[in-house]
Amino acid sequence: MPAMIPKHADTARASLLLKSLPEELTEELLKRATLRNTGRGETLFLQGEKAQAIHIVLDGWVKLYRIAPNGNEAIVDVFTRGGSFGEAVALRHMEYPVSAEAVTDCTLLQIPSAGFIGMMKQNPEMAVSIVASTFQRLHALIGQIEQIKAQTGAQRVAEFLLDLSNCETGSCVVTLPYDKVLIAGRLGMKPESLSRAFAKLRGAGVRIAKNHASIDDVEKLRDYAEEDPAAAWNKAL
């Protein structure tokens with residue numbers, strides 16, 4: 001089993017799942033957990049398999065997806081450093097309702113569900129961390145639905161780039177973490193719609209080159225993303 005480096009341990013402690021736990025419980029969970037390094041494109045689990053572990057992403061990007069009856073892939077969610085998934089089904093010994101794949105090279109922390117449940121029975125306060133994680137996930141899903149219904153495609157892409165940016169003001173270069181087809185699926189768009197959205201964002205100072213996005217003015221792009229949707233639609237006509 002690969003050794004956990006301090007950076008990864010800090011990421012695990014700061015994750016939504018563990019950050020509200022007392023330090024001694026977090027350390028015990030980390031002792032019981034295992035590290036898993038995966039290559040890009042590697043399957044973590046498949047829809048229908050029994051869930052036996054909770055996953056925390058320590059590095060890289062992971063996608064959750066379902067295959068529709070027509071054979072198309074539907075992106076359910078995408079996780080990066082500090083994100084956790086599989087809690088609900090693992091703690092109830094259920095089957096995974098989705099499949100998971102490493103979008104990039106990844107390092108994951110896997111916490112056995114049996115060990116987590118055993119500790120939770122002895123320490124009921126651990127349930128608070130699960131409730132907090134579930135609430136945050138629900139809040140994020142509501143935000144995604146609101147984006148799809150209330151924003152143009154270009155505005156959703158603008159917010160996506162801003163979320164990836166570490167800059168509050170001025171110019172910035174953002175590395176796109178995964179391919180454009182997956183970005184489109186994550187934002188509820190078709191790949192051709194994503195290309196049109198990137199083209200529209202040139203007027204807001206965004207230029208795309210391979211897997212990088214150059215933002216001329218972060219504040220200007222934020223104003224564009226927060227612009228009244230009706231006004232944005234008028235511009236798009």
Side-chain angles (χ1 to χ4, degrees), residues 1-4 8 11-12 15-18 29-30 32-120 126 129-145 148 160 176-191 194 211:
M1 181 184 74
M4 185 180 300
H8 289 160
T11 299
S15 67
L16 183 64
L17 179 67
L18 302 183
L29 281 173
L30 292 180
R32 299 187 182 199
T34 58
L35 281 184
R36 178 178 177 180
N37 292 321
T38 64
R40 178 179 180 180
E42 185 173 336
T43 297
L44 306 181
F45 54 77
L46 292 173
Q47 180 179 334
E49 292 181 354
K50 188 174 181 179
Q52 298 181 339
I54 298 169
H55 300 75
I56 299 177
V57 183
L58 302 180
D59 207 4
W61 291 79
V62 172
K63 70 174 180 180
L64 303 185
Y65 67 95
R66 289 176 63 92
I67 301 299
N70 62 5
N72 291 333
E73 179 181 285
I75 306 299
V76 176
D77 214 335
V78 180
F79 294 90
T80 188
R81 188 179 298 118
S84 60
F85 55 92
E87 300 95 330
V89 289
L91 295 180
R92 296 177 65 189
H93 302 293
M94 297 175 64
E95 295 179 348
Y96 287 115
V98 296
S99 299
E101 180 183 305
V103 179
T104 65
D105 292 345
C106 289
T107 300
L108 299 157
L109 186 72
Q110 296 180 318
I111 305 174
S113 55
F116 196 102
I117 293 171
M119 288 182 61
M120 193 161 57
M126 289 179 63
S129 68
I130 294 294
V131 173
S133 177
T134 302
F135 178 81
Q136 186 68 25
R137 189 73 45 74
L138 177 61
H139 184 75
L141 288 173
I142 291 173
Q144 289 178 25
I145 294 171
I148 292 173
F160 174 78
L176 302 178
Y178 36 81
D179 64 67
K180 294 180 176 63
V181 173
L182 185 54
I183 293 174
R186 172 66 177 80
L187 297 176
M189 307 167 66
K190 294 182 178 180
L194 179 66
N211 66 330

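Worth knowing before you read on, the calculation uses all heavy atoms, side chains too, and leaves out hydrogens, waters and symmetry mates.
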Do [X] and [Y] have side chains that get closer than 4.5 Å, going by heavy atoms?
X	Y	result
I56	L18	yes
L64	F85	yes
M126	F116	yes
T11	L109	no
F79	H55	no
D77	V98	no
V89	P97	yes
R81	D59	yes

Item to check | T104 (side chain) donor-acceptor with W61 (main chain) under 3.5 angstrom | outcome: yes

Item to check | Side chain S113, main chain L91, donor-acceptor under 3.5 Å | outcome: no

Look up atom [atom1] in [X] and atom [atom2] in [Y], then write down how far apart they are to the nearest 0.5 Å.
X	Y	atom1	atom2	value
I67	N72	CD1	CG	8.5 Å
L29	M119	CG	CE	4.0 Å
L182	L187	CG	CG	9.5 Å
F45	Q110	CZ	CD	9.5 Å
E101	I75	CD	CD1	8.5 Å
I54	L17	CD1	CG	5.5 Å

Item to check | Nearest heavy-atom neighbours spanning A33 and P112 | outcome: CA-CD, 4.2 Å

Next on the checklist: Check this for me: K180, atom NZ, are more than 12 non-hydrogen atoms of other residues, nucleotides or ligands nearer than 6.0 Å?
Outcome noted: yes

Item to check | Of all pairs that satisfy salt bridge (Lys or Arg N to Asp or Glu O under 4.0 Å), the ones with a partner from residues 37-47, not counting sequence neighbours | outcome: R36-E42

Checklist entry - What residues, two or more places apart in sequence or in another chain, satisfy side chain to side chain donor-acceptor pair (under 3.5 Å) together with E73? => result K63

Next on the checklist: Once side chain to side chain donor-acceptor pair (under 3.5 Å) is applied, do any residues pair with S15, and if so which ones, sequence neighbours excluded?
Outcome noted: none

Checklist entry - What's the verdict on side-chain contact (heavy atoms from CB on, under 4.5 Å) for T38 and V62, showing C-alpha distance, side-chain angles and the deciding distance? => result CA-CA 10 Å; T38 64; V62 172; over 6 Å; no

